[in-house]
Protein chains: 2
Amino acid sequence: MSRICSPSKRFEIGLAAHPTFDGEGDGMARIDEVAAAAGVSISTVSYALSGKRSISPDTRRRVEAAATRLGYQPHAGARALAGRRTQIFALTEPLRADTHAPTHMAFVLAASVAARLREYDILLLTDEQASKGMQRVAASDLVDAVLVLDVAPDDERVAIARSLRIPTVFIGIPNDHDGLDCVDLDFEAAAVMAVDRLVDAGHEHVALLGQSEVAYRASNFPPRLRSSMRERAEARGVAHRFDHSGRTTTDVRAVRASVADALDAGVTGFLIHAAEDAHDAALAVIAERRLQVGRDVSVISVATVFDTSRLPSPVDTIPLVPSASCEVAVELAIARLQDPGRAPVVHLIQPEYRTAGSVSRRR
Amino acid sequence: MSRICSPSKRFEIGLAAHPTFDGEGDGMARIDEVAAAAGVSISTVSYALSGKRSISPDTRRRVEAAATRLGYQPHAGARALAGRRTQIFALTEPLRADTHAPTHMAFVLAASVAARLREYDILLLTDEQASKGMQRVAASDLVDAVLVLDVAPDDERVAIARSLRIPTVFIGIPNDHDGLDCVDLDFEAAAVMAVDRLVDAGHEHVALLGQSEVAYRASNFPPRLRSSMRERAEARGVAHRFDHSGRTTTDVRAVRASVADALDAGVTGFLIHAAEDAHDAALAVIAERRLQVGRDVSVISVATVFDTSRLPSPVDTIPLVPSASCEVAVELAIARLQDPGRAPVVHLIQPEYRTAGSVSRRR
DNA sequence: TTGAAAGCGATACCAT
DNA sequence: ATGGTATCGCTTTCAA
């Protein structure tokens, strides 16, 4: 104790050289400055701002006023160190060559927006082996939880998730999801809903125009939708067929050929689970045959992410809403942070049918 | 949910119940544990790992061995607090409706990869008014610098950048870039290069098939390329024309019409600065007229981000490489962090011409 | 309802 | 070449 214990370098300078300079308005105020301005202790400031213990209305107001006036923003690092919470979620997104950019972007965006609504930021995990990134950010306590995008049926991130000491939420459902928190559209229910619409309208031969071939290996939901469609069609006793919309990405010629084939085979009800350009191609073939959607043939777009109002003719849809999935994912993450012991949840979002007049009674 | 989490479960348990349990191998070792394992002080560990002062080869090895064995990862929050560096860059990306998703995603990705190469992570700034996000992360010392994507000619983030106390780097060049660090492809040079190729090959009437109309208002580089093309064509004494490829996004019919018009008007050299589908449409019109690219007409794709090998016929390109821009951006940010006083830099990446045989000598 | 003070886990200064 | 320790700015006990 031979030295005078100065609280901070900043303070020293303040006393010695710039006694009145306080950095007001530049957003670098610290909690002790807010405390001084409000005439309370720093713990009171902390509690008043976090609401973690009751504060007299009067004190709270003074603290809030001071904080606002000084443009106080808690230091993220200090908060993380003392509070053991970073208010950051990692978002892992593997980058396969066949990734549909617009859809992917919609999910990244939705995740970011959903997180911000609950006071979280999103840290991107791309490059490196997804697993290494997850381990790195978890081990360094950089993030509070991990959100997993673009889930594969047999995803390597499942094993990592189980080994991490921070929560992980899957947006998509891996085959082995034991003990994991997951959220996704209920693709099975969506397929059932769509098939039922067609069959109820009297269609006796239905076709599914699906995603690209790789999607059925690399992603988790296309197979779920396809097998559910098949089962339901069989259960309802109608003929059914299935075609990919390309090998790795939409192949317009393949789509045109498959739709033509289907029409030749007597298909009258189409279910499309593909990208926007595949819709365009399919509708074009139908139009070229002088057939009218909603009269001669029926079409339903399933798990649609793009804006169907730009299609040449209106189409009924069962939309896949990124913001819905991401909001649930954020809630699941927060819930598990609050209670690590709660039972794991697979949250299936119920599909919603939007009519546009593309399904007509079969005569 | 009314339960309060105990602040330091680790500490409590460690002392009270499991005195020797140390969580080896699960990546939660702290610096003092590494120090003990290596038989040195914590400051030695810190220096050995950061390389900020010389360490005897022997101790360095012991420290590294201990760190590896314990799976030591420095606590991000503690490091940020003590070291005043978070190793995180914010990436702001405004989300206009006309954003070309694949290109945008390529840049986000490239930024993330480039950052990781220099030990930085990327925090996404999407939702909220871009300015508020920037201010928030800067004021809370959440990030070391900000990277700005999708720069508008008159970008609101320019003003914010000037008011922040952390560095900002623009990937794109706003009109008013005084004192700012910017990086971008040299679009002017690219246009000159392309026009020269065509004119040198004997073409006397050239056309630019540009981006969508909004892009010329909302983004910074389309106008730069367009005016440079115009000037160069005039300087070289050849006739020139310009058309958008749509209003807000590619409009295939508009593209077809404009290419047809151009051909009727005697254009023999095309410069395309548009999305992939616009290329397809343009090449289709040419093919339908029984004209052959590289013989009857010449085509150059400028500032191309997608993979042109998928086009129906090979096309010369002057590529826009996201990773190149983003790597420079990261370097600029790091350079400014190291030396806040250095002169601001507008780094123009020199265009590179890639031949594919789509430009032929005009006979 | 409030305040004082003990950490949180690193970095980097000052010694030796 | 290495070690001791003040410090970063907050959260949360413990005391009053």
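Worth saying up front: this structure is predicted, and the values here are computed from it rather than measured. Just so it is clear, the values below take in all heavy atoms, side chains as well, and ignore hydrogens, waters and symmetry mates. Convention: sequence-line order gives letters A, B, ...; per-chain numbering from 1.
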K.L.:
Starting at atom CZ of B:Arg60, determine the distance to atom C1' of D:dT2, rounded to an integer number of angstrom.
P.N.:
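My rounded result for the distance is 13 Å.
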K.L.:
Enter the inter-axis angle for the ends of the helix from C:dT1-D:dA16 to C:dT16-D:dA1 (five pairs per end, rounded to 10°).
P.N.:
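Nearest ten degrees gives 30° for this helix.
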K.L.:
With sequence neighbours left out, write down each residue that passes side chain to side chain contact (heavy atoms under 4.5 Å, CB included) with A:Leu109, or none if nothing qualifies.
P.N.:
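For A:Leu109, the residues satisfying side chain to side chain contact (heavy atoms under 4.5 Å, CB included) (neighbours in sequence not counted) are B:Leu95, B:Thr126.
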K.L.:
Which comes earlier along DNA chain D counting from the 5' end, the contact point of B:Ala82 or that of B:Val45, where each point is its nearest nucleotide?
P.N.:
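Result: B:Val45.
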K.L.:
In whole angstrom, give the distance that lies between atom NE2 of A:His75 and atom P of D:dT7.
P.N.:
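Rounded to the whole Å, the gap is 17 Å.
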K.L.:
Say whether, by atom type as modelled, one donor and one acceptor occur between the side chain of A:Glu33 and the main chain of A:Arg30 under 3.5 angstrom.
P.N.:
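Present.
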K.L.:
Tell me every residue that passes side chain to side chain contact (heavy atoms under 4.5 Å, CB included) with A:Ile173, counting only those two or more places apart in sequence or in another chain.
P.N.:
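So A:Ile173 forms a side chain to side chain contact (heavy atoms under 4.5 Å, CB included) with A:His177, A:Cys182, A:Asp184, A:Asn220, A:Arg224, A:Val346, A:Leu348.
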K.L.:
Would you tabulate the pairs of protein nitrogen or oxygen atoms and nucleotide nitrogen or oxygen atoms of nucleotides 4-6 of chain C closer than 3.5 angstrom?
P.N.:
from, atom 1, to, atom 2, distance (Å)
C:dA4, N6, A:Ser43, OG, 3.3

K.L.:
Quick one: does A:Leu123's side chain get under 4.5 Å of A:Asp121's, heavy atoms only?
P.N.:
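No, side chains not in contact.
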K.L.:
Rounded to the nearest angstrom, tell me the gap between atom CG in B:Leu81 and atom C1' in C:dC8.
P.N.:
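That distance rounds to 9 Å.
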K.L.:
Can you measure A:Arg79 atom CZ to D:dT12 atom C1' for me and round it to whole angstrom units?
P.N.:
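Interatomic distance, CZ of A:Arg79 to C1' of D:dT12: 14 Å.
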K.L.:
Specify the separation, in whole Å, of atom CZ of B:Arg84 and atom C1' of D:dA6.
P.N.:
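In whole Å, D:dA6 C1' lies 13 Å from B:Arg84 CZ.
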K.L.:
So, is A:Thr44 close to the C:dT2 phosphate, meaning a side-chain N or O under 4.0 Å from OP1 or OP2?
P.N.:
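It does not, given that no N or O in the side chain of A:Thr44 lies less than 4.0 Å from OP1 or OP2 of C:dT2.
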K.L.:
Taking salt bridge (Lys or Arg N to Asp or Glu O under 4.0 Å) as the cut-off, I'd like each qualifying pair that reaches into residues 323-343 of chain B, sequence neighbours left out, listed once.
P.N.:
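Checked against salt bridge (Lys or Arg N to Asp or Glu O under 4.0 Å) - neighbours excluded - the pairs reaching residues 323-343 of chain B are B:Arg118-B:Glu331, B:Asp181-B:Arg336.
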K.L.:
To the nearest Å, give me how far apart CD1 (A:Ile31) and P (D:dC8) are.
P.N.:
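The distance from CD1 of A:Ile31 to P of D:dC8 comes to 15 Å, rounded to the nearest Å.
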K.L.:
Please confirm whether the shortest side-chain N or O distance from B:Lys52 to OP1 or OP2 of C:dT11 is below 4.0 Å.
P.N.:
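Answer is no, no contact under 4.0 Å.
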K.L.:
Which is true for B:Thr59 with a 4.0 Å heavy-atom rule: it touches a base, it touches only sugar-phosphate, or it touches nothing?
P.N.:
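The residue B:Thr59 makes sugar-phosphate contact but no base contact.
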K.L.:
Rounded off to whole Å, could you give me the CG-to-P distance for the B:Asp58 and D:dT2 pair?
P.N.:
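So the two atoms are 8 Å apart, to the nearest Å.
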K.L.:
Between B:Ser50 and C:dT11, is there a contact of a side-chain N or O with OP1 or OP2 at under 4.0 Å?
P.N.:
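Answer is no, no contact under 4.0 Å.
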K.L.:
Establish, with yes or no, whether the OP1 or OP2 oxygen of C:dA10 is under 4.0 angstrom from a side-chain nitrogen or oxygen of B:Arg85.
P.N.:
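Result: no.
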K.L.:
List the residues meeting side chain to side chain contact (heavy atoms under 4.5 Å, CB included) with B:Ala67, not counting sequence neighbours, and say none if there are none.
P.N.:
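Residues passing side chain to side chain contact (heavy atoms under 4.5 Å, CB included) with B:Ala67: B:Val34, B:Leu49, B:Tyr72.
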K.L.:
Looking at residues at least two apart in the chain, or sitting in another chain, which of them share a ring pair (Phe, Tyr, Trp, His ring centres under 6.0 Å) with A:Phe89?
P.N.:
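Residues passing ring pair (Phe, Tyr, Trp, His ring centres under 6.0 Å) with A:Phe89: A:Tyr120.
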K.L.:
Got a sec, which residues hit side chain to side chain donor-acceptor pair (under 3.5 Å) with B:Thr59, two or more places apart in sequence or on another chain?
P.N.:
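Only B:Ser56 meet the side chain to side chain donor-acceptor pair (under 3.5 Å) criterion with B:Thr59.
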K.L.:
Starting at atom OH of B:Tyr72, determine the distance to atom C1' of C:dA10, rounded to an integer number of angstrom.
P.N.:
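About 6 Å, once rounded to whole Å.
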K.L.:
Under the side chain to side chain contact (heavy atoms under 4.5 Å, CB included) test, which residues partner B:Glu119, sequence neighbours left out?
P.N.:
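Here the qualifying residues are B:Gln87, B:Arg116.
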